[in-house]
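One structure is given below, encoded as structure tokens.
Start at 1 with the first residue, then count along the sequence.
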Amino acid sequence: MSWQEYVDVSLLGTKNVSKASIHGMDGGVWAHSSPFKPEPYEIKAIVDEMNKASPAGFYGSGIVVDTVKYTFVQKKGDTLYGRRGQESGVVIALTQKAAIVAVYEGGIQPGACQSVVEKLAIFLKDQGC
């Protein structure tokens with residue numbers, strides 16, 4: 001399966017993700033839904049902060065994805081959660097080589113989006129990615 005198919009089928013195809021992208025750990029874009037395309041520097045900054053012992057940097061600056069700022073909710077293992085108001089949020093999961101970014105909005109339940117992203121991350125980790 002190509003990276004674009006992971007975005008289109010495994011994430012967007014579930015109807016529990018509104019926008020998604022997959023990046024290398026350097027922030028480079030491997031695949032994305034259009035017009036959603038986070039900048040490499042945004043993802044690199046997120047990956048760098050997630051790899052620290054404490055996610056303290058997110059408390060002040062929030063999580064910026066595709067120029068949208070989300071309030072930091074929590075970091076749990078290799079997964080980061082952010083929210084914007086009551087109707088949208090972001091879930092970012094790291095594998096050994098990739099960062100999966102998914103946004104939910106428009107009535108999608110946060111837990112449904114989280115589940116989809118976390119399952120894909122586990123699958124990719126099992127594949128060595």
Side-chain angles (χ1 to χ4, degrees):
M1 189 177 277
S2 72
W3 293 113
Q4 192 61 51
E5 288 175 302
Y6 284 121
V7 168
D8 295 339
V9 177
S10 299
L11 296 171
L12 298 176
T14 67
K15 306 294 184 206
N16 289 319
V17 173
S18 303
K19 305 172 192 174
S21 59
I22 299 176
H23 303 260
M25 298 304 251
D26 64 352
V29 180
W30 293 356
H32 66 93
S33 59
S34 192
F36 182 71
K37 190 174 179 185
E39 293 293 332
Y41 71 87
E42 294 173 330
I43 303 306
K44 174 75 169 123
I46 290 167
V47 168
D48 289 348
E49 190 66 29
M50 286 180 73
N51 285 326
K52 293 180 180 176
S54 168
F58 293 124
Y59 288 111
S61 63
I63 304 164
V64 178
V65 176
D66 199 28
T67 70
V68 177
K69 183 178 179 179
Y70 297 88
T71 302
F72 171 69
V73 175
Q74 71 173 336
K75 178 182 179 272
K76 187 174 173 185
D78 290 331
T79 306
L80 181 69
Y81 308 94
R83 186 172 60 191
R84 184 163 192 221
Q86 297 297 319
E87 293 295 319
S88 69
V90 65
V91 179
I92 302 169
L94 301 183
T95 69
Q96 292 95 318
K97 299 178 184 176
I100 303 165
V101 180
V103 171
Y104 61 88
E105 56 192 8
I108 294 174
Q109 294 298 309
C113 180
Q114 293 167 5
S115 177
V116 167
V117 173
E118 290 168 355
K119 285 178 185 175
L120 180 57
I122 289 167
F123 172 78
L124 292 176
K125 285 178 183 178
D126 288 347
Q127 303 305 307
C129 178

Does the side chain of [X] reach to within under 4.5 Å of the side chain of [Y], using non-hydrogen atoms?
X: Val116; Y: Leu11; result: yes
X: Val17; Y: Ile108; result: no
X: Thr67; Y: Glu39; result: no
X: Met1; Y: Ser10; result: yes
X: Leu124; Y: Leu120; result: yes
X: Asn16; Y: Ser115; result: no

Grouping ILVMFWY residues whenever side-chain heavy atoms fall under 4.5 Å, the cluster of Ile63 otherwise contains Met25, Phe36, Ile43, Ile46, Val47, Met50, Phe58, Tyr59, Val65, Val68, Tyr70, Phe72, Leu80, Val90, Ile92, Leu94, Val101, Val103
Under 3.5 Å, is there a donor-acceptor pair between the side chain of Glu118 and the main chain of Ala93? no
Taking side-chain contact (heavy atoms from CB on, under 4.5 Å) as the test, write out the residues that go with Lys69, two or more places apart. Val64
Can you list everything that forms a side-chain contact (heavy atoms from CB on, under 4.5 Å) with Ser2? Sequence neighbours excluded, please. Gln4, Glu5
Identify, with sequence neighbours excluded, every residue that meets salt bridge (charged side-chain N to carboxylate O under 4.0 Å, His left out) alongside Lys44. Asp48
Tyr104 OH to Arg83 CZ distance, which is reported to the nearest 0.5 Å: 7.0 Å
Quick one: pull up SG in Cys129 and CD in Gln96 and give me the separation to the nearest 0.5 Å. 7.5 Å
Search all heavy atoms of [X] against all heavy atoms of [Y] and return the closest pair with its distance.
X: Pro40; Y: Gly28; result: CB-N, 4.3 Å
X: Pro38; Y: Val29; result: O-CG2, 3.7 Å
X: Asp66; Y: Glu42; result: N-OE1, 2.8 Å

If you look only at pairs with a residue in residues 5-32, which of them pass as a ring-ring contact (aromatic ring centres under 6.0 Å, His included), with sequence neighbours excluded? Trp3-Tyr6, Trp3-Trp30
Is there a path of hydrophobic side-chain contacts, each under 4.5 Å between heavy atoms, that joins Phe123 and Val91? yes
Mind jotting down which residue pairs meet the salt bridge (charged side-chain N to carboxylate O under 4.0 Å, His left out) criterion with at least one end in residues 96-109? Sequence neighbours excluded, please. Lys19-Glu105
